[in-house]
K.L.:
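Sharing a structure, written as structure tokens. Questions coming.
Basis for what follows: all heavy atoms, side chains included, without hydrogens, waters or symmetry-related copies. Not measured: the values here are computed from a predicted model.
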Amino acid sequence: PIWGIVVLFDEPCNQKVIEILKKHEIFCVRHIATQLEESDVDENTLLITMTFAEKVQLIEDFKIQENVFTLKEFVEEEGEVDVKDPYGGD
């Protein structure tokens with residue numbers, strides 16, 4: 001599933017994202033972004049955020065401490081922790 005922390009209404013995957021995924025032979029069929037709810041999270045849920053602020057928001061909102069990472073923390077990339085949000089860009 002694809003969840004978001006600010007989803008005003010369920011929406012399909014962006015067409016630009018689908019094209020990029022196809023180029024890498026990753027197929028995104030019928031993926032719908034929905035609002036993340038407390039019932040979606042348990043001790044086995046891996047949560048990956050694009051920014052540190054989003055990580056903190058999940059920790060505070062869902063009272064969790066484990067399995068929450070920024071994308072760059074998860075892949076152990078050095079440097080800036082945040083990934084620039086491409087939403088709305090070209």
K.L.:
For L58 versus I64, what's the shortest heavy-atom pair and its separation?
P.N.:
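Shortest heavy-atom contact: O-CG1, 3.9 Å.
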K.L.:
Which pairs pass salt bridge (charged side-chain N to carboxylate O under 4.0 Å, His left out) with one or both residues in residues 37-48, sequence neighbours excluded?
P.N.:
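Qualifying pairs: none.
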K.L.:
What pairs meet the ring-ring contact (aromatic ring centres under 6.0 Å, His included) rule with one or both residues in residues 43-78, with sequence neighbours excluded?
P.N.:
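Residue pairs passing ring-ring contact (aromatic ring centres under 6.0 Å, His included), neighbours aside: F69-F74.
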K.L.:
Donor-acceptor pairs are to be reported for all side-chain atoms of residues 18-25 against protein atoms at under 3.5 Å, with residues two or more places apart or in another chain.
P.N.:
none

K.L.:
Hey, what do you get for CD (Q57) to CG (L36), rounding to the nearest 0.5 Å?
P.N.:
9.5 Å
K.L.:
State the CG-CG distance between L71 and D82, to the nearest 0.5 angstrom.
P.N.:
11.0 Å
K.L.:
Nearest 0.5 Å please: distance from the OG1 atom of T45 over to the CG atom of L47.
P.N.:
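T45 atom OG1 to L47 atom CG measures 6.0 Å (nearest 0.5 Å).
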K.L.:
Partners of E77 by side-chain contact (heavy atoms from CB on, under 4.5 Å), sequence neighbours excluded?
P.N.:
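side-chain contact (heavy atoms from CB on, under 4.5 Å) list for E77, sorted by chain: K72, V75.
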K.L.:
Holding to salt bridge (Lys or Arg N to Asp or Glu O under 4.0 Å), I want the full list of residues that pass it with E73, two or more places apart in sequence or in another chain.
P.N.:
K55
K.L.:
N44: what forms a side chain to side chain donor-acceptor pair (under 3.5 Å) with it, not counting sequence neighbours?
P.N.:
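Result, side chain to side chain donor-acceptor pair (under 3.5 Å) vs N44: none returned.
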